[in-house]
Amino acid sequence: MSAKSTTASTDLSVLPEDNTAYGTKEYWQQRYMQEEAATFDWFKTYRDLEPLLSKHIGSKDVRILMLGCGNSTLSSDMYDDGYQSIINVDYSDVVIEQMRQRTQHQSGMTWEVMDVRALDLGDGSVDVAIDKGTLDALMCDKGDVWEPSAEMCENVGREVNEVNRVLTAGGKFIWITFGQPHFRRRHLERPSWELQIERLNDGGFDYFMYIATKKLAAAPSPIH
């Protein structure tokens with residue numbers, strides 16, 4: 001069964017009473033059990049994102065890591081468009097098994113239970129890492145957006161540092177979010193990569209694509 005044949009959830013009962021629940025594994029386990037036959041895409045679909053993803057990824061012959069994949073159709077749609085080496089990770093074993101079953105026909109994709117803050121992947125093992133909403137879930141905090149809590153900053157930093165570690169030199173971390181640069185940029189800045197920001201607006205709400213390109217290793221100085 002294709003992931004495209006499922007329907008997006010409109011069940012309001014899956015919404016948490018407190019937005020901080022979005023940052024907990026327990027919430028997602030319960031939600032995915034309720035949404036067994038559903039798909040849900042935060043912010044934008046592949047159709048919306050394709051022009052910018054194509055621009056920044058370039059070749060389709062790349063190793064892609066989908067961070068906090070959930071039950072989104074993004075991976076499946078990208079696979080059908082030619083990106084056929086995709087590792088999907090999520091800390092919910094419920095959704096990983098659901099998606100593994102739905103995409104059996106897409107043999108180049110793998111589905112692994114993994115916490116984005118502690119990736120069980122080798123250094124420099126992926127070319128592109130994509131986050132669509134996962135960092136935003138980790139940022140659901142009761143604190144002031146101008147002064148986020150130390151715990152939230154640590155959680156976000158752990159994911160970003162892990163992405164930095166597993167990216168190959170020249171690789172790209174692409175984050176799709178509604179978060180404006182004056183709130184989000186600080187969490188991404190690292191001396192090891194160059195950061196670009198693209199704005200997406202189809203006449204409504206603003207979304208942003210942050211693209212962090214890992215710098216190539218400096219060539220060794222010649223020995224005289």
Give a yes or no on this: more than 12 heavy atoms of other residues, nucleotides or ligands lie within 6.0 Å of atom [atom1] of [X].
{"X": "Asp123", "atom1": "CG", "value": "yes"}
{"X": "Asn161", "atom1": "CG", "value": "yes"}
{"X": "Glu151", "atom1": "CD", "value": "no"}

Would you find a donor on one side and an acceptor on the other, under 3.5 Å apart, between the side chain of [X] and the backbone of [Y]?
{"X": "Asp131", "Y": "Gly133", "value": "yes"}
{"X": "Glu162", "Y": "Glu159", "value": "no"}
{"X": "Tyr79", "Y": "Gly108", "value": "yes"}
{"X": "Gln106", "Y": "Ser76", "value": "yes"}
{"X": "Asp127", "Y": "Arg63", "value": "yes"}
{"X": "Asn155", "Y": "Met152", "value": "no"}
{"X": "Ser54", "Y": "Glu50", "value": "no"}

Do the non-hydrogen side-chain atoms of [X] and [Y] ever get within less than 4.5 Å of each other?
{"X": "Arg184", "Y": "Asp136", "value": "yes"}
{"X": "Arg47", "Y": "Asp77", "value": "no"}
{"X": "Val160", "Y": "Leu135", "value": "yes"}
{"X": "Gln180", "Y": "Asp206", "value": "no"}
{"X": "Tyr91", "Y": "Thr134", "value": "no"}

**OP:** Just do the side chain to side chain contact (heavy atoms under 4.5 Å, CB included) check on Gln98 and Trp111 with the steps written out, would you?
**Re:** CA-CA 10 Å; Gln98 289 172 352; Trp111 301 87; over 6 Å; no

**OP:** Go through the steps to decide whether Arg117 and Leu138 satisfy the test side chain to side chain contact (heavy atoms under 4.5 Å, CB included), and finish with yes or no.
**Re:** CA-CA 10 Å; Arg117 296 163 295 186; Leu138 292 177; 4.1 Å; yes

What are the two closest heavy atoms between [X] and [Y], and how far apart are they?
{"X": "Asp90", "Y": "Gly68", "answer": "OD2-C, 3.4 Å"}
{"X": "Cys69", "Y": "Ile96", "answer": "SG-CD1, 3.9 Å"}
{"X": "Glu198", "Y": "Ile211", "answer": "CG-CD1, 3.7 Å"}
{"X": "Gln29", "Y": "Val94", "answer": "OE1-CG2, 3.4 Å"}
{"X": "Ser72", "Y": "Leu74", "answer": "OG-N, 2.9 Å"}
{"X": "Pro191", "Y": "Lys215", "answer": "O-NZ, 2.9 Å"}

Measure the spacing between [atom1] of [X] and [atom2] of [Y] and express it to the nearest 0.5 Å.
{"X": "Leu52", "Y": "Leu200", "atom1": "CG", "atom2": "CG", "value": "5.0 Å"}
{"X": "Trp175", "Y": "Ile197", "atom1": "CH2", "atom2": "CD1", "value": "10.0 Å"}
{"X": "Ile57", "Y": "Ile130", "atom1": "CD1", "atom2": "CD1", "value": "4.5 Å"}
{"X": "Asp41", "Y": "Lys132", "atom1": "CG", "atom2": "NZ", "value": "4.0 Å"}
{"X": "Arg165", "Y": "Lys214", "atom1": "CZ", "atom2": "NZ", "value": "9.0 Å"}
{"X": "Leu67", "Y": "Met114", "atom1": "CG", "atom2": "CE", "value": "10.0 Å"}

**OP:** Fit a plane to each ring of Phe208 and Tyr210, take the angle between them on a 0 to 90° scale, and name the class: parallel (under 30°), tilted (30 to 60°) or perpendicular (over 60°).
**Re:**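 It falls in the tilted class, 30° to 60°.
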
**OP:** Return the orientation label for the Tyr83 and Tyr46 ring planes: parallel under 30°, perpendicular over 60°, tilted otherwise.
**Re:** perpendicular

Original post:
Judged by modelled atom types alone, do Gln30 and Glu26 share a side-chain donor-acceptor pair under 3.5 Å?
Top reply: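 Per modelled atom types, Gln30 and Glu26 side chains form no pair under 3.5 Å.
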
Original post:
Please walk me through it: do His56 and Val128 pass side chain to side chain contact (heavy atoms under 4.5 Å, CB included)?
Top reply: CA-CA 10 Å; His56 289 287; Val128 177; over 6 Å; no

**OP:** Could you give me the CA-CA distance, side-chain angles and deciding distance for Glu112 and Asp120, then say whether side chain to side chain contact (heavy atoms under 4.5 Å, CB included) is met?
**Re:** CA-CA 10 Å; Glu112 303 292 342; Asp120 187 17; over 6 Å; no

Subject >> Salt-bridge present (Asp81, Lys60; N to O < 4.0 Å) >> reply: yes

